[in-house]
Amino acid sequence: MLVVVGAGLAIANAPASLIPLALDELEKRQLLAPNLPAIALTDLEGTVWQGQANQAVITIDGEAILLGVLSWEFEPLSLLDRTAVVHVKADAPEHHLQATVIASATDPITINNLEGRLPISLLEPWVPMLVKGDIVFVFDHIIADQQLLAIDGLLNAESIVWLGGNYEMPLGSYMMQIFLQDNQVHIDINDFNADLGMSGVLIINPVNGEYQLDAVLQARPELAPEVTASIAWFGKRNKQGDIVLKNRGRL
């Protein structure tokens with residue numbers, strides 16, 4: 001009995017420093033999805049079940065993103081169903097996110113209630129940016145194994161400002177609804193009566209990154225003249241004088 005109690009206490013108090021070792025072992029045994037982003041955790045505190053890494057870095061497509069302080073808390077009872085349910089948070093001076101991650105040996109990984117805020121500049125490694133502002137996002141769920149199986153969420157690009165001139169030129173705010181349809185990620189784009197109106201849809205193939213953008217830009221009276229002149233290079237004008245975007249490429 002004492003051996004069982006001692007083993008239980010040892011497991012309950014397993015230090016957080018074991019997590020990087022466990023991740024390395026899973027990678028060596030090829031038990032992780034090959035396209036899974038790599039995460040590095042240092043300066044750990046607490047236990048395997050509840051703790052934090054004071055420095056966390058995630059690498060996606062060779063680009064390192066500083067997550068700041070990453071904290072986690074497991075639901076111990078979930079292990080009785082051979083499922084790990086863990087609540088995670090990441091905090092840094094410029095961004096914040098939180099989510100619940102559900103993982104098991106037989107089912108796809110599910111991320112529920114993912115929400116947070118980040119500067120749009122974090123997208124710079126993948127998408128060239130001439131703007132600044134914040135992105136606020138709320139995802140009900142994301143389900144994935146070797147590929148994306150489901151996604152449902154909303155993303156707001158708030159107070160976007162054009163940086164292509166000698167002074168900051170406000171564009172407005174935009175809402176994007178994100179969902180999976182026919183194995184393609186669809187992003188429906190609408191503006192909140194922004195100075196630079198934008199409506200349309202962005203479709204992304206999550207496997208190879210190919211995308212197509214079909215949208216319309218509308219220069220409203222409040223838009224800076226420099227921006228009105230610049231967007232004319234993005235596409236052709238329709239009969240209403242708006243700019244029609246039809247872009248194809250790969251992220």
Side-chain angles (χ1 to χ4, degrees), residues 1-119 122-123 125-126 137-151 153 206:
M1 182 67 179
L2 290 176
V3 173
V4 174
V5 173
L9 289 174
I11 294 172
N13 293 286
S17 57
L18 293 178
I19 290 181
L21 299 177
L23 291 175
D24 289 342
E25 186 64 24
L26 290 173
E27 185 175 1
K28 289 178 182 178
R29 297 188 182 189
Q30 298 181 338
L31 297 177
L32 298 176
N35 56 350
L36 196 68
I39 186 167
L41 306 175
T42 56
D43 191 11
L44 288 95
E45 301 177 0
T47 68
V48 167
W49 310 105
Q50 183 175 1
Q52 69 180 41
N54 292 310
Q55 296 183 38
V57 180
I58 188 170
T59 302
I60 304 175
D61 294 335
E63 297 290 341
I65 299 176
L66 302 179
L67 295 180
V69 178
L70 178 67
S71 60
W72 63 86
E73 181 177 357
F74 277 88
E75 292 186 8
L77 294 180
S78 67
L79 299 178
L80 297 177
D81 294 327
R82 297 183 179 181
T83 300
V85 178
V86 56
H87 306 284
V88 297
K89 293 182 180 180
D91 284 291
E94 290 187 329
H95 65 262
H96 165 79
L97 65 87
Q98 62 184 37
T100 297
V101 181
I102 304 172
S104 72
T106 57
D107 297 321
I109 293 177
T110 299
I111 302 175
N112 290 335
N113 304 319
L114 171 62
E115 59 183 69
R117 174 185 292 269
L118 54 84
L122 279 184
L123 301 178
W126 301 282
F137 54 89
V138 177
F139 287 86
D140 180 76
H141 63 267
I142 301 173
I143 304 174
D145 49 19
Q146 298 293 329
Q147 64 182 19
L148 184 65
L149 300 177
I151 185 170

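Sequential numbering from 1 along the given sequence is applied to the chain's residues. As the structure is a prediction and not an experimental result, all values here were calculated from the model.
- Side-chain N/O atoms of His87 and Glu75 include a donor and acceptor closer than 3.5 Å.
- The shortest non-hydrogen separation linking Ala92 to Gly68 is CB-CA, 4.0 Å.
- Within the 4.5 Å cutoff, the side chain of Leu114 has heavy atoms near those of the Ile142 side chain.
- Judged by distance alone, with hydrogens and angles left aside, the side-chain atoms of Asp145 form a donor-acceptor pair with the main-chain N or O of Gln147 at under 3.5 Å.
- Counting all heavy atoms, side chain and backbone alike, Thr83 lies closest to Ser104 at OG1-CB, 3.9 Å.
- Put simply, the side chain of Trp72 gets close to the backbone of Val48: a donor and an acceptor are under 3.5 Å apart.
- In this structure, the side chain of His96 does not engage the main chain of Leu118 through any donor-acceptor pair within 3.5 Å.
- Taking every heavy atom of both residues into account, Leu79 and Ala84 meet most closely at CD2-CA, 4.1 Å.
- With values rounded to the nearest 0.5 angstrom, Leu80 atom CG is found 11.0 Å from Arg82 atom CZ.
- Listed for the Ser78 side chain is a donor-acceptor partner under 3.5 Å among the backbone atoms of Val85.
- Proximity of Val86 to Thr100: side-chain heavy atoms (C-beta onward) are nowhere separated by under 4.5 Å.
- The two residues Gly153 and Phe139 have their closest heavy-atom pair at CA-CD2, 3.6 Å.
- In the model, Gln52 has a side-chain atom that pairs as donor or acceptor with a side-chain atom of Asn54 under 3.5 Å.
- For the pair Ala16 and Leu44, the tightest heavy-atom approach, listed with the atom from each and the gap, is O-CD2, 3.2 Å.
- Leu41 CG to Ile19 CD1: the interatomic distance, rounded to the nearest 0.5 Å, is 7.0 Å.
- Atom CD1 of Ile111 and atom CG of Asp140 lie 12.5 Å apart (nearest 0.5 Å).
- Side chains of His141 and Asn112: no donor on one and acceptor on the other come within 3.5 Å.
- Put simply, CD1 on Ile39 and CG on Leu70 are 5.0 Å apart, with the number rounded to the nearest 0.5 Å.
- Here OG of Ser71 is found 9.5 Å from CD of Gln98. Values are rounded to the nearest 0.5 Å.
- The local environment of CD in Glu94 is sparse, with at most 12 non-hydrogen atoms from other residues, nucleotides or ligands closer than 6.0 Å.
- From Ile58, atom CD1 reaches atom CG of Leu67 across 5.5 Å, with rounding to the nearest 0.5 Å.
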